[in-house]
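Have a look at the structure below before the remarks.
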Amino acid sequence: MTNFDENDHLAVGYFLKNGRLLYKDIFSHHFPLPYYWTYIFTPFWSPISPSRTIAVFRLAVLVMYLINFLLVYFSFKNRLLKYSYSLWIILLITFLTLYHGNLVLSETFAAIFISSIFWLTIPIILKREKSTWFSTTLLILFSSLAFWTQPLLFELSLLPVILAPKHKIKVFFATIVINLIPLILFYLSGQLSEFWQQGILFNFFVYPKFFVDNLPPGNKLIQTILYFFQNEFYLFTHLGNFTQLFQYTLHLSFYFLLIKIIKTKNLLSIFVFLLIFIAVRVREVKIIPGVIFNFGIYPYLIIASSSFVLSLFLFLKNHRFYTFTIFLVTLFVSFVDLRPVLLQSLKPGYNYEVFWSYRQRLAETIDRLTLPQEKILVYPHDVDYYALSSRLSPDRFVYWFPWIDSVSQYQQERLWAIENTDIPLLYIGNLDFKGTPNFYSQYFPNLTNNYLPVIKDKKETGLWIQKKYQDRLKSL
């Protein structure tokens, strides 16, 4: 399965590989960590084998999981926690793909870091582990990585300070220094100003106006609270299928663990737990409970499943039969949910053929109709074609959405690029937006002037070639 945000990471990874700088040469209002983590693996991409590129691209996420798993596992001194953590990983494997936890998404990275923070902090506040300098260092690292993935996770940076065994002032300053490193690097490379414009000002003052629809601008917090109660009611009251039953079980476990922590009457422990809860529900409007393939709920499920395992093996450890029975039944429910997807995935080449092969074939057509040094324009947002065809965009915009068009400076930049850059080939994808047909046609109504549609096998391809290059159509 594919996702727009994942395609964005694929395209930006390709642009970075070709020397463009994030924010300065590549527009994005997302925070940078997933982009740069993707970039680390680009030397292993193959311009002649898109299937290898995609495999390595997805492998980057698995490497991040593995690094976090190992660091957290070896931080434990308590054998029961090592055992519980291992069983949680087994449970996680059965459902992560159902919620796009295998895709290169900011939600995936956020979930990985938050889960690591959860497993480091909860045993400490439950007095099952002692805070050490190693665990504090990991908390500084993971909270910083979480923030540079999603800025709304800034509150997690309080945790290493709160849980530090001693020298809290030093830990506080160490946390600040670690979080400042990306800003220093941006300053040295000339990216800081554009990061401020896109990642901060645009992200917090322009994009939110388009992010929510049901309430007027300025009421995002209200809508988040309304969604929260609506989703809570759903999770507590729906048990009609395996997906709902699984989510209900994990959700109940989360509140069971919350009650246990509240009973300690330790305000600091309660505060720590609530900080993590806020972190996984801060983007509540993206959560759709009761269904699979909703990546918005994944960070919460990864914490709720951790609560499930911890509740079983820390509080019911004297009832081993019931503990293992409950765990195995839940594992079975999750596996039954996974089974249809698993059976499809086990078919040789199924996922690639269904989700990627047609895109590779179109990318091959782009390659035949253009030269490697020529620019193409993908509009509005099928941006993986840049990477799959090994072509660059004519300007710094990877995709185009209404929130980008709302800034006149960005409109002018795009218009200038269209009018002053030789673009032999356009790809125009789905122009609809939220049920409005041809919505994106209004922004650049003359985009296809002087272009001819590319027809292949008597079918429209979505490609448009400049009239002066129409002789290239003979290569098809």
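Position 1 is the first residue of the sequence, and the numbers go up from there. Quick caveat: nothing in here was measured; it's all calculated off a predicted structure. FYI, side chains are in, hydrogens and waters are out, and symmetry mates aren't considered; it's all heavy atoms of this structure.
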Notebook entry, point to check: Given D422 and Y469, is the side-chain contact (heavy atoms from CB on, under 4.5 Å) satisfied, shown in steps?
Noted result: CA-CA 11 Å; D422 186 31; Y469 295 111; 2.4 Å; yes
Margin query: Looking at L301, is its backbone amide N or carbonyl O close enough to the side chain of S305 to form a donor-acceptor pair, meaning the two atoms are under 3.5 Å apart?
Written below: yes
Notebook entry, point to check: Hey, mind stepping through R414 and I404 against side-chain contact (heavy atoms from CB on, under 4.5 Å) and telling me if it holds?
Noted result: CA-CA 10 Å; R414 170 50 62 93; I404 300 175; over 6 Å; no
Margin query: Pair Y410, D395 - check side chain to side chain donor-acceptor pair (under 3.5 Å), show working.
Written below: CA-CA 10 Å; Y410 299 155; D395 54 21; over 6 Å; no
Notebook entry, point to check: Is the number of heavy atoms from other residues, nucleotides or ligands within 6.0 Å of CG (L62) greater than 12?
Noted result: yes
Item checked: Centroid-centroid distance, Y379 to Y443, less than 6.0 Å -> no
Check: Under 3.5 Å, side chain of T149 to main-chain N/O of P34, donor-acceptor pair present?
Finding: no
Next item on the list: Please say whether more than 12 non-hydrogen atoms of neighbouring residues, nucleotides or ligands are located less than 6.0 Å from CZ in F332.
Entry: no
Notebook entry, point to check: So, E374 and R472, do they make that salt bridge, N to O below 4.0 Å?
Noted result: yes
Note to self: The test is side-chain contact (heavy atoms from CB on, under 4.5 Å); show your working for H251 and E232 and say whether it passes.
What the structure shows: CA-CA 9 Å; H251 189 57; E232 287 296 298; 3.0 Å; yes
Checklist line | Whether F113 and F109 hold their rings parallel, tilted or perpendicular, with breakpoints at 30° and 60° | finding: tilted
Notebook entry, point to check: Between I303 and S115, which heavy-atom pair has the shortest distance, and what is it?
Noted result: CD1-CA, 3.8 Å
Notebook entry, point to check: Hey, is R359 close enough to D382 for a salt bridge, meaning N to O under 4.0 Å?
Noted result: yes
Checklist line | Steps toward salt bridge (charged side-chain N to carboxylate O under 4.0 Å, His left out) verdict (R391, D367) | finding: CA-CA 8 Å; R391 298 295 184 270; D367 182 63; 2.8 Å; yes
Next item on the list: Kindly say whether V383 contributes a backbone atom to a donor-acceptor pair with the side chain of N7 at under 3.5 angstrom?
Entry: no
Checklist line | Flag side-chain contact, heavy atom, 4.5 Å: Y207 against F202 | finding: yes
Check: Got a sec: does the OH of Y39 have more than 12 other heavy atoms crowding it under 6.0 Å?
Finding: no
Next item on the list: Look only at the side chain of Q247 and the backbone of G290, and say whether a donor-acceptor pair between them is shorter than 3.5 Å.
Entry: yes
Check: Is there a salt bridge (charged side-chain N to carboxylate O under 4.0 Å, His left out) between E364 and R361 once you walk through the steps?
Finding: CA-CA 5 Å; E364 290 169 351; R361 288 191 287 271; over 6 Å; no
Margin query: Atom CZ of residue position R368 - does it have more than 12 heavy atoms of other residues, nucleotides or ligands inside 6.0 Å?
Written below: yes
Item checked: From L96 atom CG to S334 atom OG, the distance as rounded to the nearest 0.5 Å -> 9.5 Å
Note to self: Can you confirm whether E460 is buried at CD, in the sense that more than 12 heavy atoms of other residues, nucleotides or ligands lie under 6.0 Å from that atom?
What the structure shows: no
